[in-house]
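Numbers here simply count residues along the sequence, with the first being 1. Note that the structure is predicted; figures quoted are calculated from it, not measured. Below, all heavy atoms of this structure are taken into account, side chains as well, without hydrogens, waters or symmetry copies.
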Amino acid sequence: MQKVNSRLLVLEMLLSVTKDGQGVHSHIAVREVLNKYNYLSQQEKSFIKRLFEGTLERMIELDYCINCFSKVPTKKIKPVILMILRMSIYQFLYMDSVPDAAACNEAVKLAQMKGFTSLKGFVNGVLRTIARNKDAIEYPNASVAYSMPEWIVELWTNQLGTEKTEQLLRSLLIERPVSIRFRRKETIENDIAALRAMLDEHGGKITSIPYLPYAYQISRTDDITKLAGYESGAFVVQDVSSMLAVEALQAGNFFQRFCTENAMPLVAVDICAAPGGKSMLLADLLESEGITDYTIRAGDSAGSKVLLMKENCRRCGLEKIAVTTWDAVKPCADLEGKADIVIADVPCSGLGVIGKKRDIKYKISPDAIEELVELQRRILRTAAGYLKQGGRLLFCTCTINQKENEENTAWIMKELKLMPVSFADALPQQVRADITEQRYLQLFPDRQMADGFFISIFTKTVA
């Protein structure tokens with residue numbers, strides 16, 4: 001087996017993610033590297049994941065530390081050397097199992113391996129100075145303390161207030177287990193037992209989420225596909241927020257009231273569906289209630305994501321989900337006025353999932369959000385065209401931003417003439433209190449064991 005220098009591997013991952021204009025997504029970088037080097041020990045894989053994600057997450061704070069003790073400011077330091085400094089300081093501050101001297105020595109070796117022998121002294125000097133003074137470092141503001149761009153801190157402070165913003169910022173730095181959904185009521189106890197036994201062998205853990213009987217969190221899971229029950233479709237990876245969004249639709253009740261009465265199958269359309277979790281849960285909920293007269297059309301614009309959705313549906317035996325490639329902005333003539341349910345989890349800034357996808361906060365900008373809002377409304381206009389009279393539109397995002405959420409709900413009512421639907425009774429008691437009179441739900445990572453996620457439902461009123 002190929003011998004791996006873990007720190008060198010992390011360095012290359014960090015450089016690939018932060019490359020200007022061409023950086024890969026952080027969660028994809030982690031998945032691809034851990035799959036490629038799956039033969040590494042659990043300890044080595046955990047070290048790689050922790051150092052990579054932690055360094056990326058804390059870059060604003062780490063750069064502040066460098067600027068406090070380096071005569072050369074970060075903006076003038078060569079990218080490779082800057083990243084070596086960042087990952088080394090992260091080890092000083094947040095990885096107690098790594099001696100400072102060892103982290104410093106390995107950083108000097110990395111600089112030499114990357115062809116910067118002349119800068120070994122600089123690297124060594126800066127790091128040893130920071131190591132000596134690390135306990136005396138004081139942070140000037142929340143942006144540095146929580147390593148969040150100033151404009152995002154300001155955005156949330158204006159919308160949520162200082163106290164709630166600080167709670168949110170703190171929660172985004174907490175490592176979160178993976179959320180999964182067990183699919184089969186009749187075998188769930190056996191499925192959970194098999195997965196728990198496998199996780200126990202590798203120091204992993206499975207924990208129930210109290211307000212959804214099929215929802216659990218698992219830790220120490222470098223390769224989900226190798227876990228007991230994955231290939232057989234016993235469970236799927238899905239965040240709790242996504243589960244709540246589908247529960248809010250009350251699809252079973254909707255079918256009984258509208259489709260049965262008219263002797264028509266339920267037709268659902270999921271227009272920005274990847275990776276397919278909502279379509280799959282919708283199908284599972286309908287089947288669990290004995291409803292088999294339905295069809296679901298699920299599409300996405302990215303071919304790779306469509307292939308993933310098809311594979312997920314195959315693995316879970318969900319044959320009534322038709323997966324296809326499409327542009328959510330462009331209307332499909334054969335769907336106009338045909339759908340009982342339309343799911344529109346539209347592209348957004350992703351501010352609610354920064355805790356999982358740590359590079360988002362460095363890549364999004366206020367100008368990009370303005371462009372996203374325009375795109376969201378174009379997609380929503382197309383989505384509304386698919387609704388039957390009396391049909392329901394689920395509009396949701398994985399962000400915490402009134403411009404993309406609350407302002408869009410007002411736009412839907414004014415411009416698309418859709419009416420909001422109350423869904424409080426469809427959700428567990430633990431989250432109902434957060435549903436406002438405006439009939440939407442904003443989930444927060446520090447409150448509901450879920451992503452920052454926005455849920456609202458509208459209906460096309462019967463003429």
Query raised in the report: Quick one: ring-ring contact (aromatic ring centres under 6.0 Å, His included) partners of Tyr146, sequence neighbours excluded?
Result: none

Query - Minimal non-hydrogen separation, Ser456 against Phe454, with atom names - result: OG-CE2, 3.7 Å

Query raised in the report: Can you find a pair of side-chain heavy atoms, one from Leu418 and one from Leu387, that are under 4.5 Å apart?
Result: yes

Query - Glu138: salt bridge (Lys or Arg N to Asp or Glu O under 4.0 Å) partners, not counting sequence neighbours - result: none

Requested in this report: Could I get the full list of salt bridge (Lys or Arg N to Asp or Glu O under 4.0 Å) partners for Arg181, not counting sequence neighbours?
Outcome: Asp284

Query raised in the report: Among all residues two or more places apart in sequence or in another chain, which pass the side chain to side chain contact (heavy atoms under 4.5 Å, CB included) test with Val240?
Result: Ser179, Ile209, Tyr211, Leu212, Leu244, Ala450

**Report entry** Close side-chain approach of Ser171 and Arg176, heavy atoms under 4.5 Å
**Finding:** yes

Requested in this report: Answer whether the closest heavy-atom distance between the side chains of Cys348 and Gln376 falls below 4.5 Å.
Outcome: yes

Query raised in the report: Residues two or more places apart in sequence or in another chain: which of them pass ring-ring contact (aromatic ring centres under 6.0 Å, His included) with Phe453?
Result: none

**Report entry** From Tyr90, Tyr64, Tyr94, residue fulfilling side-chain hydrogen bond (donor to acceptor under 3.5 Å, both in side chains) relative to Arg58
**Finding:** Tyr94

Requested in this report: Kindly write out the residues that satisfy ring-ring contact (aromatic ring centres under 6.0 Å, His included) with Phe92, not counting sequence neighbours, or none if the list is empty.
Outcome: none

Requested in this report: Let me see the working for Glu406 and Tyr440 under side chain to side chain contact (heavy atoms under 4.5 Å, CB included), right down to the final yes or no.
Outcome: CA-CA 8 Å; Glu406 288 90 334; Tyr440 57 73; 3.4 Å; yes

Query raised in the report: Is the shortest side-chain N to carboxylate O distance from Arg86 to Asp63 below 4.0 Å?
Result: yes

Requested in this report: For the pair Glu166 and Arg170, find out whether any cationic side-chain nitrogen is under 4.0 Å from an anionic carboxylate oxygen.
Outcome: yes

Query - By side chain to side chain contact (heavy atoms under 4.5 Å, CB included) - contacts of Asn141 (at least two apart) - result: Ser143, Val144, Glu150

Requested in this report: State whether Tyr214 and Lys185 meet the cation-pi test: NZ (Lys) or CZ (Arg) under 6.0 Å from the six-membered ring centroid, and within 45° of the perpendicular axis.
Outcome: no

Query raised in the report: Would Met59 and Met83 satisfy side chain to side chain contact (heavy atoms under 4.5 Å, CB included), going step by step from the backbone distance to the final call?
Result: CA-CA 9 Å; Met59 281 204 307; Met83 197 60 76; 4.2 Å; yes

Query raised in the report: Among all residues two or more places apart in sequence or in another chain, which pass the salt bridge (Lys or Arg N to Asp or Glu O under 4.0 Å) test with Lys310?
Result: none

Report task. May I have all residue pairs that pass salt bridge (charged side-chain N to carboxylate O under 4.0 Å, His left out) and include part of residues 228-241, sequence neighbours excluded? Result -> Glu231-Arg314, Asp239-Lys356

**Report entry** Residues Arg297, Asp334: salt bridge by 4.0 Å N-O rule
**Finding:** yes

Query raised in the report: With sequence neighbours excluded, what pairs up with Glu163 under the salt bridge (Lys or Arg N to Asp or Glu O under 4.0 Å) test?
Result: none

Query raised in the report: Is Thr382 close to Lys330 at the side-chain level, that is, under 4.5 Å between some pair of heavy atoms?
Result: no

**Report entry** Residues that Gln159 engages under side chain to side chain contact (heavy atoms under 4.5 Å, CB included), provided they are two or more places apart
**Finding:** Leu155, Asn401, Gln402

Requested in this report: Apply ring-ring contact (aromatic ring centres under 6.0 Å, His included) to Tyr362 and list each qualifying residue two or more places apart in sequence or on a separate chain.
Outcome: none

Report task. Could you check if a side-chain atom of Phe235 sits within less than 4.5 angstrom of a side-chain atom of Ile224, using non-hydrogen atoms only? Result -> yes

